[in-house]
2 protein chains.
Amino acid sequence: MVREIPDVVIQRLPQYLRAVRSLKDKGASLVNSKELGIESDVTPAQLRKDLSYFGKFGKQGNGYRVETLLKDLIRILGLDHSWPVILIGVGRLGNAILTYPDFTPEGFHVQSAFDSDPKIIGTEVSNITIKPVSSMEQYIIENKIEIAILAVPGESAQDLIDSLVESGVRGILNYAPITPKVPNHIQIQTIDPVHALQSMTFYLAENRIHQ
Amino acid sequence: MVREIPDVVIQRLPQYLRAVRSLKDKGASLVNSKELGIESDVTPAQLRKDLSYFGKFGKQGNGYRVETLLKDLIRILGLDHSWPVILIGVGRLGNAILTYPDFTPEGFHVQSAFDSDPKIIGTEVSNITIKPVSSMEQYIIENKIEIAILAVPGESAQDLIDSLVESGVRGILNYAPITPKVPNHIQIQTIDPVHALQSMTFYLAENRIHQ
DNA sequence: CGATGTGAAGCGTTTCACAGCA
DNA sequence: TGCTGTGAAACGCTTCACATCG
């Protein structure tokens, strides 16, 4: 059973994890693929197919045990231990990220933050003292950091990405408004609200004409 | 030429727009699909195919005129006029969004913001006085608002989404950590950093075993 | 002659439909 | 009997390869 698992399937797993948690909170102990599908906004067939890439989790004729499926999803996603994370860029957005309460319970611990602005270096945000970005590479190597969050202006982003990759970071959550270039073995995801809004307006403008 | 345009193509258009702008800033006046492809991280064939859904933009044997392609992309995406936007939720994240400088130059004007917290209502952020969320529906109707940004906790998000849709909003940028349910004709995009990190760790955990 | 625009082939994902199992 | 797990069919997207045209 060493089939290649499609990327799209991996992208949906966190959605399933959230759905299972939500159903558990509602007191369910057994759910079927239809209920899970509604909660995660996919068809029942797709949910079953997706899970089947990782093994057999359900009881035929019954459904899935919420408790075990939750544990299995957490294990599959590698979330059964906490991941240390660093933040680069502590401007307005970086500040919001440092005080964002949802990373830690979900398995991510922002343990250090860096900036290039002398006015910001040395200040404290959420119990973290901001370090100079010049010390970033060494910190990554010494602490074996694998995940970085990048919240800097577009102009400096690609250089910092190169630097992160060279230091050994393998996963980057990029908030800079650029199309980043990284080697194939690096995981990168760009969060870009402007991009999201701009593809919406295509449909909004289009429908306006048709009505 | 009334082919159905795939969603994935629409999602890539803002990327092309950014690539063209970037090449224009570098002084280019004529680009070919290879250069544009590198800048937007797609294959030249895909770029040409994607553009072909909207007409013919290039000169055979030459490439694309930067100036006209830029104008065409802006027109296609419906960004040739500014879109009024409202923000719901002015907590840590909402504050960062209100002070985020990139929406306005890209065609979006956050013209009003709402919250349910009496301590926040009436305060001013970026020249905007925060209004009570109870006045949101009326505001949307009176000002014909079509786009809303939602930055509230997960618990209240779905109710607010329903309320936005009922008031006439057709596009929602959702920052709440939920899987939202909306009618088919509504455009919604969810921005979820935790989700992005959680699908990364699958690959990071997997590769760790293999090495 | 060189790069676009595009049918057609190739490939990957989703959906179907049912065998198999609790 | 009911729902999972899954081959196979259907569908949609990407890539190819070349006719076309400036």
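Here is the naming used below: chain letters follow the sequence lines, and residue numbers restart at 1 for every chain. Computed from a predicted structure; not experimentally measured.
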Which atom pairs, donor and acceptor, lie under 3.5 Å between side-chain atoms of residues 102-110 of chain A and protein residues at least two apart or in another chain?
| residue | atom | partner | partner atom | Å |
| --- | --- | --- | --- | --- |
| A/E106 | OE1 | A/R21 | NH1 | 3.1 |
| A/E106 | OE1 | B/Q198 | NE2 | 2.8 |

Give the table of side-chain donor-acceptor pairs shorter than 3.5 Å for residues 158-165 of chain A, with sequence neighbours excluded, one pair per line with atom names and distance.
| residue | atom | partner | partner atom | Å |
| --- | --- | --- | --- | --- |
| A/Q158 | OE1 | A/K181 | N | 3.0 |
| A/Q158 | NE2 | A/D162 | OD1 | 2.9 |
| A/Q158 | NE2 | A/K181 | O | 3.0 |
| A/S163 | OG | A/E137 | OE2 | 2.3 |

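Contacts with DNA chain D (heavy atom under 4.0 Å) in residues 7-15 of chain B: B/V8, B/R12, listed by number. For the segment residues 178-192 of chain B, the set of residues with a heavy atom within less than 4.0 Å of an atom of DNA chain D is empty. Sorted by residue number, the members of residues 23-33 of chain A with any non-hydrogen atom under 4.0 Å from DNA chain D read A/N32, A/S33. DNA chain C is contacted by A/T43, A/Q46 of residues 36-47 of chain A, taking any non-hydrogen atom closer than 4.0 Å.
Here A/K34 does not reach the OP1 or OP2 of D/dG2: none of its side-chain N or O atoms lies under 4.0 Å away. For C/dA22, the OP1/OP2 oxygens have no side-chain nitrogen or oxygen of A/Y64 closer than 4.0 Å. Proximity of B/K49 to the phosphate of C/dT4: no side-chain N or O atom is located under 4.0 Å from OP1 or OP2.
Every residue was checked against the salt bridge (Lys or Arg N to Asp or Glu O under 4.0 Å) condition with B/R65, not counting sequence neighbours, and none meets it. B/Y139 is linked by a ring pair (Phe, Tyr, Trp, His ring centres under 6.0 Å) to B/F114, counting only residues two or more places apart in sequence or in another chain. A/K26 pairs by the salt bridge (Lys or Arg N to Asp or Glu O under 4.0 Å) definition with A/E39, not counting sequence neighbours. A search for salt bridge (Lys or Arg N to Asp or Glu O under 4.0 Å) contacts involving B/R48 returns nothing, not counting sequence neighbours. Under the side chain to side chain contact (heavy atoms under 4.5 Å, CB included) criterion, A/T190 pairs with A/N174, A/P180, A/D192, sequence neighbours left out. Residues passing the side chain to side chain contact (heavy atoms under 4.5 Å, CB included) test with B/S126 are B/T99, sequence neighbours excluded.
B/D50 and B/Y16 share a donor-acceptor pair across their side chains, judged by distance under 3.5 Å alone. Using modelled atom types and a 3.5 Å distance limit, the side chains of A/Y100 and A/N95 yield no donor-acceptor pair. Between A/S33 and A/Q46, the side chains place no donor N or O within less than 3.5 Å of an acceptor N or O (distance only, hydrogens not considered).
The distance from atom OH of B/Y53 to atom P of C/dT6 is 11 Å, rounded to the nearest whole Å.
Positionally, the nearest nucleotide of DNA chain D for A/K59 lies more toward the 5' end than for the other of B/N62 and A/K59.
The heavy-atom pair separating B/A19 from B/L36 by the smallest distance is CB-CD2, 4.1 Å.
Within the 3.5 Å criterion, the main-chain N or O of A/G78 finds a donor-acceptor partner in the side chain of A/W83.
Nearest to the side chain of B/Q60, among D/dG22, D/dC18, C/dT14, sits D/dG22. Minimum atom distance to the side chain of A/P6 is reached by C/dT13, of the listed D/dT14, C/dT13, D/dG5.
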